[in-house]
Amino acid sequence: MAEVLAIAHPDGGTVGVLAEAASEQSLAIEHWIPAEGGEPQRPLDQYSGLVVLGGDENIDQVDRYPYLEREYEIVNDWIEAGRPLFGVCLGAQMIAHVSGGSVFKASEREFGWEQIDVLPAGRDDPVTGFGADTLIGLAWHDYAFEPPPGSTTLASNSVCVQAFRYGEAWGFQHHPEIEGSVLDHWLAPLLADASDPARREQAELVEAGRAAHMQEWNEYGRELFRRFAKRCR
């Protein structure tokens with residue numbers, strides 16, 4: 001069975017619903033957390049695809065999180081080799097960072113169920129080209145990116161670029177992988193924190209929107225990764 005390597009970060013969640021889509025395509029996923037040390041179970045060139053997930057780290061914090069430097073090297077090598085890459089949030093920012101784009105503080109924090117507009121190029125893309133032109137998806141970020149030169153912007157909203165393609169690399173600022181248990185983990189400390197009423201209220205809005213948006217968003221995430229998985233052969 002072909003296998004994808006997923007680089008994860010402490011408290012950054014897992015591949016979530018992407019795992020279900022991978023299984024449907026006879027594709028296994030191995031999670032690896034560089035922050036915990038160790039190495040993947042096999043040489044990197046034996047994986048058919050790479051997923052890089054989100055995290056609390058920022059691109060310019062290599063001194064604080066030295067393992068990021070290794071991740072940048074892996075992402076850069078993967079892109080240069082033209083191998084399939086799926087970056088989420090921090091992972092998407094890494095793709096931009098190593099490829100000549102830029103990462104910066106967003107004009108406003110996106111935290112919750114946000115509108116995402118699929119652009120014409122996104123409609124024509126083999127991975128994102130399905131479903132509605134406007135999505136309601138989960139965003140959870142303070143930083144944004146300018147895609148690298150030569151890339152194609154696939155989706156955006158009033159705050160920032162939400163998705164782009166660069167060769168065989170796809171970057172998503174939002175979180176198409178999110179599933180219930182990870183969202184529970186992210187929300188729990190915010191809902192329990194009485195010291196920041198505004199942040200707690202925002203978390204309550206995210207929780208309240210789950211019933212209306214989670215099922216459709218998960219269906220979107222599964223189909224997105226089904227399409228990406230077909231490129232990991």
Side-chain angles (χ1 to χ4, degrees), residues 1-9 15-32 34 40 42-55 59 68 70-103 116 118-131 137 144-156 160-177 220-233:
M1 177 183 285
E3 189 167 15
V4 164
L5 178 66
I7 295 178
H9 303 95
V15 295
V17 300
L18 307 187
E20 302 169 34
S23 179
E24 292 172 8
Q25 299 297 321
S26 298
L27 190 67
I29 299 181
E30 175 193 335
H31 279 87
W32 173 44
R42 61 177 71 180
L44 290 173
D45 62 5
Q46 293 185 14
Y47 295 94
S48 58
L50 179 67
V51 174
V52 184
L53 297 171
I59 289 295
L68 289 177
R70 173 83 192 286
E71 295 185 33
Y72 298 160
E73 292 173 1
I74 293 171
V75 169
N76 184 66
D77 290 348
W78 211 273
I79 291 170
E80 289 189 348
R83 304 176 70 192
L85 170 56
F86 191 102
V88 174
C89 201
L90 175 61
Q93 293 168 10
M94 285 189 191
I95 297 171
H97 174 68
V98 305
S99 303
S102 60
V103 180
I116 300 164
V118 180
L119 303 178
R123 300 294 302 165
D124 293 335
D125 185 80
V127 172
T128 63
F130 69 96
F145 52 70
E146 178 67 29
S151 64
T152 301
T153 299
L154 305 174
S156 66
C160 63
V161 173
Q162 292 289 331
F164 70 95
R165 179 183 181 180
Y166 184 67
E168 280 296 300
W170 281 263
F172 302 92
Q173 185 59 74
H174 45 267
H175 285 273
E177 85 289 3
Y220 173 79
R222 292 187 193 98
E223 179 61 20
L224 193 71
F225 204 73
R226 286 187 195 105
R227 290 166 172 254
F228 175 77
K230 291 177 181 178
R231 308 186 78 82
C232 300
R233 302 297 184 217

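Side chains of L85 and V52 form a contact here, defined as non-hydrogen atoms less than 4.5 Å apart. Counting only heavy atoms from C-beta outward, the side chains of Y72 and N76 never approach each other to under 4.5 Å. Side chains of R70 and P34 form no contact here, defined as non-hydrogen atoms less than 4.5 Å apart. Contact annotation: the side chain of C89 approaches that of H175 to within less than 4.5 Å [non-hydrogen atoms, C-beta and beyond]. Side-chain contact check for D125 versus W170: some heavy-atom pair is nearer than 4.5 Å.
Looking at every heavy atom in both residues, G122 comes nearest to T128 through O-OG1, 2.8 Å. Across L68 and M94, no two heavy atoms sit closer than the pair CD2-CE, 3.8 Å. Of all the heavy atoms in P148 and F164, the pair that sits closest is CD-CE1, 3.6 Å. Taking all atoms of both residues into account, the shortest heavy-atom contact from I29 to A19 is CD1-CA, 4.0 Å. When all heavy atoms are compared, the tightest approach of V17 to P176 is CG2-O, 3.6 Å. Among all heavy-atom pairs drawn from G101 and P149, the shortest one is N-CD, 4.2 Å.
Atom CD1 in I7 sits 10.5 Å away from atom CD in E30 (nearest 0.5 Å). If you take OH on Y166 and CD1 on I95, they are separated by 11.0 Å, rounding to the nearest 0.5 Å. Note that CZ of F86 is 12.5 Å distant from CZ of R227, once rounded to the nearest 0.5 Å. Atom CG of L119 is separated from atom CD of Q162 by 10.5 Å, given to the nearest 0.5 angstrom. With values rounded to the nearest 0.5 angstrom, Y47 atom OH is found 10.0 Å from I74 atom CD1. The CG atom of L5 sits 6.5 Å away from the CH2 atom of W78 when rounded to the nearest 0.5 Å.
Between the side chain of H31 and the backbone N or O of V15 there is at least one donor-acceptor pair closer than 3.5 Å. Looking at R123, its side chain never comes within 3.5 Å of a backbone N or O of L154 through a donor-acceptor pair. Side-chain atoms of H9 come within 3.5 Å of backbone atoms of L53 as a donor-acceptor pair (strictly under, hydrogens ignored).
Comment: R42 engages E3 in a salt bridge, judged by a side-chain N to carboxylate O separation of less than 4.0 angstrom.
The side-chain hydrogen bond (donor to acceptor under 3.5 Å, both in side chains) check on E168 picks up R165, R231, with sequence neighbours excluded.
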